[in-house]
Amino acid sequence: MPRRIIRNWRPIKGQPLTELDKKILSIQNKGHIVPTRELIKTPEQIEGIRQSGVINTGVLDYVESHIRAGISTAEIDRWVYEYTIDHGATPAPLNYEGFPKSVCTSVNEEVCHGIPSEECILEEGDIINVDVSTIYNGYYSDASRMFMIGKVSPEMEKLVRVTYECLVLGMQAAKPFGFVGDIGNAIQRHAEKNGFSVVRDLCGHGVGLEFHEEPEVLHFGRKGTGMLLVPGMVFTIEPMINMGTHEVFIDEDNGWTVITEDELPSAQWEHTFVMTEKGLEILTR
Ligand code: MF3
Ligand code: CO
């Protein structure tokens with residue numbers, strides 16, 4: 001049965017087709033999913049997201065230079081809140097769909113959406129993901145880093161390193177007029193080659209005018225599938241890679257925190273990117 005064509009890209013009434021229109025319409029007519037026009041950011045919007053990203057990076061740099069054994073994750077939350085407000089911005093997680101804090105802090109077997117707490121004290125040997133998202137002048141940026149507290153087991157160190165490599169390989173696989181599936185394919189290959197697994201239940205996402213926009217950026221899958229990548233699209237890549245099973249569950253106590261089913265460690269790195277004529281550019285460097 002022929003696949004029904006989803007007409008995300010439509011000619012503008014009364015205007016002649018541009019070369020870009022013709023290119024995207026022909027890809028759409030072959031049955032591929034293409035973006036809507038709204039997903040192509042203007043240079044002004046990209047500049048706004050870039051400025052948001054500068055503050056977001058400042059937050060992560062601040063965390064990086066202060067994080068250590070003995071502090072609580074609630075302390076990290078205070079750093080993020082204060083740095084962000086001091087720079088005229090807003091922490092995007094705060095009150096987002098009821099999220100109670102300004103940042104996600106996910107330790108060891110926590111995959112993502114860990115809630116900062118006075119009770120959670122960082123110890124030597126822990127790995128932690130700090131996921132920071134910023135709203136500045138209405139523009140959203142989103143990035144996360146892993147931190148290793150003191151000396152970490154070689155296996156956990158490898159998990160953190162391989163996950164970072166997955167982000168870089170995913171970024172390099174994303175080409176203008178390629179497909180979102182090219183990214184996930186590169187990430188899954190590298191993770192599984194190293195004996196790790198890719199979390200399926202959460203993904204990267206369009207970002208910029210809202211916290212979470214289209215497309216969904218899966219961190220696994222086949223080349224040539226998913227949405228067409230067009231210059232001007234802004235999205236995150238944020239692979240969550242597990243040491244053991246890819247299966248996860250949500251902590252019933254808080255309804256947020258995603259934890260590995262086998263309680264083995266998980267790692268994640270994230271950047272916000274803009275697609276250009278030459279490939280991805282990082283907006284949260
Ligand atoms: N920062 C996460 C992401 O990468 C989203 C966190 S939503 C929150 O998409 F509510 F938990 F903050
Ligand atoms: Co994100």
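- Side-chain contact, Asn254 with His113: no donor N or O sits under 3.5 Å from an acceptor N or O.
- For Trp9 against Leu25, the heavy-atom pair with the smallest separation is O-CD2, 3.3 Å.
- Side-chain atoms of Glu97 and Trp256, non-hydrogen and from C-beta on, do get closer than 4.5 Å to each other.
- Here Lys193 does not pair with Glu165 in a salt bridge; the nearest charged N to carboxylate O distance is not below 4.0 Å.
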**OP:** Before giving the answer on side-chain contact (heavy atoms from CB on, under 4.5 Å), spell out for Ile46 and Thr42 the whole-Å C-alpha distance, their side-chain angles and the decisive distance to 0.1 Å.
**Re:** CA-CA 6 Å; Ile46 292 165; Thr42 66; over 6 Å; no

**OP:** Take Arg68 and Glu75, measure what salt bridge (Lys or Arg N to Asp or Glu O under 4.0 Å) needs, and give me the verdict at the end.
**Re:** CA-CA 11 Å; Arg68 62 189 183 277; Glu75 185 71 16; over 6 Å; no

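- Side chain to side chain, Asn242 and Ser266 meet the donor-acceptor criterion of an N or O pair below 3.5 Å.
- No more than 12 heavy-atom neighbours from other residues, nucleotides or ligands sit within 6.0 angstrom of CD on Glu252.
- Ring pair His32/Phe179: centre-to-centre distance below 6.0 Å.
- If you check the side chains of Thr134 and Asn56, you find a donor sitting under 3.5 Å from an acceptor.
- Cluster annotation: Ile127 and Val130 are assigned to distinct hydrophobic clusters (Ile/Leu/Val/Met/Phe/Trp/Tyr, side-chain heavy-atom contacts under 4.5 Å, transitive).
- Between Lys23 and Glu19 there is no salt bridge, since no side-chain N of the basic residue sits under 4.0 Å from a carboxylate O of the acidic one.
- Taking the six-membered ring for Trp and thresholds of 30 and 60 degrees, His271 and Phe273 have ring planes more than 60 degrees apart, a perpendicular arrangement.
- The OH atom of Tyr136 lies 14.5 Å from the CD1 atom of Ile49; values are rounded to the nearest 0.5 Å.
- If you run side-chain contact (heavy atoms from CB on, under 4.5 Å) between Phe235 and each of Thr272, Leu229, Asp142, only Leu229 comes through.
- With contacts defined as side-chain heavy-atom distances shorter than 4.5 Å, the pair Glu263/Phe249 qualifies.
- Following chains of ILVMFWY side-chain contacts shorter than 4.5 Å, one cannot reach Ile67 starting from Met146, and the two form parts of different hydrophobic clusters.
- A donor-acceptor contact closer than 3.5 angstrom is absent between the side chains of His205 and Glu214.
- The side-chain heavy atoms of Leu228 and Pro35, taken from C-beta on, include a pair separated by under 4.5 Å.
- Heavy atoms of other residues, nucleotides or ligands lying less than 6.0 angstrom from CZ of Arg189 number 12 at most.
- The residues Lys41 and Glu213 are annotated as salt-bridged, a charged nitrogen and a carboxylate oxygen being separated by less than 4.0 angstrom.
- The side-chain tip of Lys158 points at the ring of Phe196 from less than 6.0 angstrom away and within 45° of straight on.
- Val103 and Leu60 fall within the same hydrophobic cluster, where Ile, Leu, Val, Met, Phe, Trp and Tyr residues are linked whenever their side-chain heavy atoms come under 4.5 Å apart, directly or through other members.
- If you look at His212 and Tyr96, their ring centroids are closer than 6.0 Å.
- Ile115 and Leu202 sit in two unconnected hydrophobic clusters of ILVMFWY residues. Membership requires side-chain heavy atoms under 4.5 Å apart, directly or through other members.
- Relative to the ring axis of Trp269, Arg145 does not place its NZ or CZ within 45° and under 6.0 Å from the centre.
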**OP:** Using the salt bridge (Lys or Arg N to Asp or Glu O under 4.0 Å) rule, take Lys151 and Glu157 through it: C-alpha gap first, then chi angles, then the decisive distance, then the call.
**Re:** CA-CA 9 Å; Lys151 205 169 158 42; Glu157 228 179 290; 5.4 Å; no

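- Side-chain N/O atoms of Ser144 and Asn129 include a donor and acceptor closer than 3.5 Å.
- Side-chain atoms of Ser153 and Glu155 form no donor-acceptor pair, as typed in the model, at a separation below 3.5 Å.
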